Amino acid sequence: MYYNPVPLSNSPIYRKALEIFTLSKNISKYLVHDLSKLDQDGKEHPDIYFTGDIVQKSVSLFPEIANAESKPFSEDKHKHAASVVHLTSSIYKNCERLEQTVPNGKEFIALLRNELKRFRKMQRTWLLTL
C-alpha cells in the first residue's frame, strides 16, 4: 500500500516532486524482489531499507513544499524549504548507496538521480521566490 498524494499546489516544483515520488515508488517495487531474498545464513539484505527510505522521503516532499508555499511569514517558509533541501539530499545519498549495492536496476536509480539533479536546479530558483 502506497500513499497517493492529493495535489496541494500547482507549482512546477510540486509537480516535479510528484514525478520523483512516482519514480521512486516504481524503483522500490522493482528492487524489493532482489533485496528481499535472505542470505545463506538467513539474514536479510541490509540495503533493503534504502528503497523504503527513498519512497518515504519522497512522500515527505509534498507537504513541505505546500507548507513553504502557503505560510505567510518568511521564517516559516524557509524552515519548510530547508526541510525540502534536506530531504532531497537524503534521497540522493540513498540512491548512491543503492546504486553501489544492487546488481539489477542501476539504470533506474541513475534515472532517479538525474531527476533529483533537475529538482535541485528547480529548488534553487524556488528558494529565491519564497
Side-chain angles (χ1 to χ4, degrees):
M1 186 166 128
Y2 284 104
Y3 174 73
N4 287 326
V6 176
L8 302 173
S9 173
N10 200 24
S11 68
I13 193 165
Y14 192 87
R15 288 192 305 268
K16 181 57 91 175
L18 282 171
E19 290 176 21
I20 288 171
F21 166 69
T22 304
L23 190 56
S24 64
K25 180 176 69 168
N26 290 330
I27 288 171
S28 178
K29 283 181 183 179
Y30 180 77
L31 293 177
V32 76
H33 298 293
D34 288 340
L35 296 175
S36 64
K37 296 176 186 171
L38 296 179
D39 293 338
Q40 295 287 342
D41 57 354
K43 293 183 180 179
E44 65 184 7
H45 197 286
D47 298 330
I48 191 167
Y49 298 105
F50 290 140
T51 61
D53 285 348
I54 288 171
V55 174
Q56 185 59 42
K57 289 179 191 307
S58 65
V59 166
S60 299
L61 286 173
F62 307 120
E64 292 299 329
I65 291 169
N67 283 333
E69 291 177 345
S70 66
K71 297 292 180 182
F73 301 111
S74 67
E75 287 180 10
D76 295 334
K77 289 180 183 222
H78 290 290
K79 181 176 86 171
H80 291 289
S83 181
V84 171
V85 171
H86 176 72
L87 287 167
T88 306
S89 295
S90 182
I91 294 169
Y92 194 86
K93 287 176 187 173
N94 282 337
C95 285
E96 287 177 334
R97 290 179 187 135
L98 266 178
E99 203 169 21
Q100 293 172 0
T101 61
V102 295
N104 298 328
K106 288 185 181 196
E107 62 277 356
F108 297 123
I109 297 169
L111 178 66
L112 178 58
R113 285 179 57 208
N114 286 335
E115 290 301 315
L116 286 167
K117 288 176 186 176
R118 290 185 186 123
F119 185 75
R120 283 180 169 170
K121 287 180 183 178
M122 291 176 76
Q123 240 178 22
R124 289 183 203 115
T125 305
W126 177 70
L127 290 169
L128 294 174
T129 63
L130 291 177

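Please read these numbers as outputs of a predicted model, since none were measured by experiment.
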Residues 56-67, side-chain donor-acceptor partners within the protein, below 3.5 Å, at least two apart:
from  : atom 1 : to    : atom 2 : distance (Å)
Ser58 : OG     : Ser24 : OG     : 2.9
Ser58 : OG     : Ile54 : O      : 3.2
Ser58 : OG     : Val55 : O      : 2.8
Ser60 : OG     : Gln56 : O      : 3.1
Glu64 : OE1    : His80 : ND1    : 2.7
Asn67 : ND2    : Pro63 : O      : 3.1

Revision key, fill the gap. In short, Phe108 meets Ile27 closest at the heavy-atom pair O-CD1, 3.2 Å
Review point. Has Lys79 got more than 12 heavy atoms of other residues, nucleotides or ligands less than 6.0 Å from its NZ?
Key: no
Exercise for review: Would you give the length of the straight line joining atom CG of Leu112 to atom OG1 of Thr22, rounded to the nearest 0.5 angstrom?
Suggested key: 11.0 Å
Point to revise | Spacing of Lys16 atom NZ and Leu116 atom CG [to the nearest 0.5 Å] | key: 9.5 Å
Practice item. First locate atom CG of Leu98, then atom CG of Leu31, and finally report the distance between them rounded to the nearest 0.5 Å. Key: 6.0 Å
Pair up each side-chain donor or acceptor in residues 119-126 with any protein partner under 3.5 Å, not counting sequence neighbours, and list the distances.
from   : atom 1 : to    : atom 2 : distance (Å)
Gln123 : NE2    : Val84 : O      : 3.4
Gln123 : NE2    : Thr88 : OG1    : 2.8
Trp126 : NE1    : Glu69 : OE2    : 3.1

Review point. What distance separates Thr101 OG1 from Ile109 CD1, expressed to the nearest 0.5 Å?
Key: 7.0 Å
Review point. Is it the case that more than 12 heavy atoms not belonging to Glu75 sit under 6.0 Å from its CD atom?
Key: no
Practice item. Please test Arg118 against Glu115 for salt bridge (Lys or Arg N to Asp or Glu O under 4.0 Å), starting from the C-alpha separation and ending with a verdict. Key: CA-CA 5 Å; Arg118 290 185 186 123; Glu115 290 301 315; 2.4 Å; yes
Check your understanding: What is the distance from atom CG of Leu127 to atom OG1 of Thr129, rounded to the nearest 0.5 Å?
Key -> 7.5 Å
Exercise for review: Find out whether His86 and Ser83 are in side-chain contact, i.e. whether some heavy atom of one side chain is under 4.5 Å from a heavy atom of the other.
Suggested key: no
Exercise for review: Over all heavy atoms of both residues, which pair between Leu130 and Ala68 is shortest? Give the atoms and the distance, please.
Suggested key: CD2-O, 3.8 Å
Study note, to complete from the structure: One should read off an interatomic distance between Lys117 NZ and Arg113 CZ, to the nearest 0.5 angstrom, of 5.5 Å
